[in-house]
Amino acid sequence: MSFSRPMPKRHLARPWNQPRKKTELPEYTLTRARKQLTELLKSQEISIGLDEVRDVEANIAADLAIPLFRIAKQLGKNPQELAENLANRINLDNTLFEQIQPVHGYLNFKFNPARFSRSVIADYLRDPESYGRSLAGNGRTIVIDYSSPNIAKPFSIGHLRSTIIGQALHNILTWLGYRIIGDNHLGDWGTQFGKLLCAYELWGNDKELARDSTGYLLKLYVRFHDEAKTKPELENKAREWFKKLETGDKQAHDLWKRAVQLSTAEFQHIYELLGIKFDESLGESFYANRLKELINRALEKGVACREKPLKPSGTDEKVILIPLAEYGIDTPLILEKSDGTSLYATREIATAEYRIHTWNPEKILYVVGKEQELYFKQMNAALKLLGHNTPCVHVSFGLIRLPQGRMSTREGRVILLEDVINEAIRRAKKIVADRKIPEPEKDKVARIVGIGAIKYADLSQSRTREVVFDWDKMLALDGDSAPYLQYAHTRCRSILKKADNEKNSDFDPAILARPEEFTLLCQIARFPDAIVDAAATYEPHRIANRLYKLARDFSAFYNKVPVLHAETQKLRRARLLLVQMTGTTIRLGLKLLGIEVPDQM
RNA sequence: GCCCCUGUAGCUCAGAAGGAUAGAGCGACGGUUUCCUAAACCGUAGGUCGGGCGUUCGAAUCGCCUCAGGGGUACCA
């Protein structure tokens, strides 16, 4: 068999498996502050974890707080008395704090604004373009499987979630020092190609295929399902076609290859538009010639066995399956169908093995819809039985539905990603039209804003929820949206431009004494934590939420506090730096989410 | 039937290793442009955190029960 081979593994040339130089992790102000508080309690013989130092809700006059209920119980003391006691004994000299208050069993701490500002500013100035970055990953490898659209089907908004979330996780984990391999696991193999080949044999037309490649392939696919309703024998023909494909039949292979090429060209266009990049694009077909070996090995190891299927399929042949009852999974994993062909799960296992052997990752992330949960449980169990311990983490997300119900390619009930993108840009253009922006720039701004809106709509809410598609929600250009953040960023940029790169480090941070300024610094200080949070939970919206709060507080600052017309030169310089920090943080954060910022808007 | 997810303001959602008076956006109503771009800002109204019971000093958050919606449940992906 001679299926298309992938490009040479350029990654292997990189020396990433060699031990890395130990580098000091940058420690940000908030982490230092938490450590200081745990140290202070330790000096009073009380031991608490860093996570017991809590952020404080608005309305409470404190910056960080430690609830003492647990400790008080252990010591058999009254929480409030303990708090008062500690407040009297703790000395805040040489810390970031200036006030300690016992309130209702909490120890409340307030930052010393000058020391806090100085520290946050120092974090930023250490390397502005790396603000929020860390080396925590220490070069360890993680493979991320994302996007993974199906060949010969249109790129629907269903695949958008995987694409956008996956790319964001790629960016985020890279930023934290991991070596990431983003692999686009194209759905270019499987029974659906049998259907397509079958349909093409019956009704196919070369001219139409050349004219509207993927649209035509979709038409054939839909027609197949239509006709199969009344002619069930078509399903068997499709199976035969897939078998031909899997056994290397030339006619089948040629047409398949053509479909793959046409589709990938179209996908490439969308990826460019969205700024999506992969390190690899190894489709399912890449593993086609590894399946037999895998199945035989599973049989030899006694992991898999031949069994009569539960549901009869007309033949008396047996399937090859892996029983998983010992892992509490009732549904066995079928490796080979009764007609001898492979399944999605077979290829997934082969894929996982390939990834493990090739890149030796710490784990593999699968950004795949929630409806495949069971398959990932099965796969993890099967991999264990086959002797692999690399965790395969299902980063699942809720399905996108239409108000009328599920999307269905077969029934032609889909919303095409391309239409969504075009509509987003169209809406952004309407607003851009009235703005004082040079004509040639307008299209670019509309594109950045429109696409940003689409991405943000997805990345600003938690993955697990299912989404009912709604044009207005998806393409929101005001309120908690990408354009809001982009707008705040352009305000920052515009101020800085007018200041003409004025030197802005010569001042005492203590003059940033207004509450609007302090609040802004607090938001900026929380940015690094948001990244760590997002990475730990695989929830990019932690970053989006933090950026939104930052932009909101900046907007308030911008409206109330003059920067260029500040009361004194020193204050002007201090505020200019604050504006620069805000703008950089928003820009870097959006970049992690895969969202660009326009120069003006 | 069994398993998983979701249910928070009129709508869309944050908040979930238990912590103080549950937060945003949209929509509604009322204000703000001689001043760094109003895709903005300020204010008002709006809540039995689906319901019940329990654990706890303390529950939107944990446990059990229940209702509603979605998904999955051996040869689709």
Side-chain angles (χ1 to χ4, degrees), chain A residues 49 51 54 56-60 62 65 67 69-70 72-73 78-79 103-106 108 148 150 187 189-192 195 239 284 307 309-311 313 317-321 328-339 341-345 347-348 368-375 377-378 396 398-399 401 405-406 410 428 431-432 434-437 449 457 460-462 464-468 470 472-473 476-481 483-484 486-488 490-492 494-499 541-542 544-545 548-549 552 555-556 558-566 575 579 600-601:
Chain A
D51 53 347
R54 317 190 71 93
V56 168
E57 292 305 314
N59 297 339
I60 288 158
F69 305 97
R70 186 185 62 81
K73 197 168 193 176
N78 172 292
V103 184
H104 305 316
Y106 292 82
N108 286 353
S148 309
N150 293 321
W189 209 246
T191 314
Q192 79 266 24
K195 293 174 180 174
R239 275 172 213 270
E284 291 182 49
E307 230 177 73
L310 211 60
K311 287 183 192 163
S313 69
E317 297 298 316
K318 291 179 174 177
V319 295
I320 298 174
L321 54 75
I329 302 169
D330 297 334
T331 316
L333 186 148
I334 297 186
L335 281 178
E336 190 180 279
K337 292 189 266 186
S338 50
D339 64 3
T341 58
S342 71
L343 280 134
Y344 165 73
R347 299 187 290 275
E348 279 299 337
V368 174
K370 194 156 52 183
E371 65 275 14
Q372 295 193 32
E373 199 170 55
L374 176 61
Y375 291 85
K377 280 190 183 138
Q378 291 178 315
S396 71
L399 160 121
R401 299 193 307 135
R406 271 187 100 146
R410 296 178 183 190
I431 297 178
V432 170
D434 305 332
R435 309 238 109 210
K436 291 176 281 181
I437 295 173
V449 167
S460 61
Q461 72 177 278
S462 62
T464 49
R465 249 169 213 285
E466 78 172 36
V467 173
V468 177
D470 178 85
D472 292 334
K473 192 190 157 201
L477 301 175
D478 58 7
D480 184 0
S481 67
Y484 181 86
Q486 291 166 327
Y487 182 76
T490 56
R491 293 289 61 77
C492 294
S494 153
I495 290 175
L496 295 168
K497 204 173 164 191
K498 290 202 167 159
H541 82 290
R542 307 283 176 124
N545 291 173
Y548 173 70
K549 285 177 187 162
R552 189 169 35 102
S555 297
Y558 177 79
N559 267 273
K560 265 184 251 169
V561 184
V563 177
L564 293 174
H565 305 116
R575 286 185 185 154
V579 168
Q600 49 189 335
M601 64 189 286

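Chain A is the first sequence line, chain B the second, and so forth, proteins listed ahead of strands; every chain is numbered from 1.
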Of the options B/C57, B/C76, B/A74, whose atoms approach the side-chain atoms of A/P332 most closely?
B/A74
Looking only at side chains, do A/T341 and A/R239 share a donor and an acceptor under 3.5 Å apart?
no
With sequence neighbours left out, write down each residue that passes side chain to side chain donor-acceptor pair (under 3.5 Å) with A/Y484, or none if nothing qualifies.
A/S555
Could you tell me which residues satisfy side chain to side chain donor-acceptor pair (under 3.5 Å) with A/D472, sequence neighbours excluded, listed by chain and number?
A/R427
Minimum-distance nucleotide (side-chain atoms of A/T331 versus B/C41, B/C35, B/U73):
B/U73
Check every strand shown and say whether A/L374 touches a base, only sugar-phosphate, or nothing at a heavy-atom separation below 4.0 Å.
sugar-phosphate
Side chain of A/Q461 (C-beta onward), nearest among B/C13, B/C57, B/C36
B/C13
If you check every side-chain atom of A/S555, which of B/G15, B/A40, B/C57 has the closest atom?
B/A40
Check every atom of B/G71, B/U6, B/U37 against the side chain of A/R465 and return the nucleotide holding the closest atom.
B/U6
In terms of side-chain heavy atoms of A/Y484, which of B/C41, B/U37, B/C76 is nearest?
B/C41
Residue met sooner reading RNA chain B from 5', once A/I60 and A/A556 are mapped to nucleotides
A/I60
Sorted by chain and number, sequence neighbours left out, side chain to side chain donor-acceptor pair (under 3.5 Å) with A/R70 holds for A/E52
For nucleotides 9-11 of chain B, tabulate all protein N/O to nucleotide N/O atom pairs closer than 3.5 Å, reporting atom names and distance.
none

A/R401 has its side chain closest, among B/A20, B/U12, B/G70, to B/G70
Of all the nucleotides listed (B/U37, B/C36, B/A14), which has the minimum atom distance to the side chain of A/R491?
B/U37
Not counting sequence neighbours, which residues clear side chain to side chain donor-acceptor pair (under 3.5 Å) with A/S481? List them please.
none
Non-neighbouring partners of A/D478 that pass side-chain contact (heavy atoms from CB on, under 4.5 Å), sequence neighbours left out
none
Contacts of A/Y558 meeting ring pair (Phe, Tyr, Trp, His ring centres under 6.0 Å) (sequence neighbours excluded), chain-then-number -> A/F554
When both hydrogen-bonding distances must be under 3.5 Å and the geometry is Watson-Crick or G-U wobble, what is B/G58 paired with, if anything?
none
Sequence-distant partners of A/P67, side-chain contact (heavy atoms from CB on, under 4.5 Å), two or more places apart
A/R54, A/F69, A/Y106
Taking for each residue the nucleotide of RNA chain B with the nearest heavy atom, is it A/N559 or A/K473 whose nucleotide lies nearer the 5' end?
A/K473
Could you run down the sub-3.5 Å N/O contacts of the protein with nucleotides 22-27 of chain B?
from	atom 1	to	atom 2	distance (Å)
B/A24	O2'	A/Y548	OH	3.4
B/G25	O2'	A/D480	N	3.4

Which part of the nucleic acid does A/A65 contact within heavy-atom distance under 4.0 Å: base, sugar-phosphate only, or nothing?
base
What is the nucleic acid contact for A/E284, judged by heavy atoms within less than 4.0 Å: base, sugar-phosphate only, or nothing?
sugar-phosphate
Closest nucleotide among B/U8, B/G72, B/C36 to the A/E371 side chain
B/G72
Any strand is fair game: report the nucleotide pairing with B/U73 by Watson-Crick or G-U wobble, both distances under 3.5 Å, or none.
B/G1
Measure from the side-chain heavy atoms of A/D51 and tell me the nearest of B/A38, B/A20, B/A17.
B/A17
Need the pair for B/A28. Rule: Watson-Crick or G-U wobble, both distances under 3.5 Å, any strand; none if unpaired.
B/U44
Quickly work out the A/K370 NZ to B/U73 P distance and round it to whole Å.
15 Å
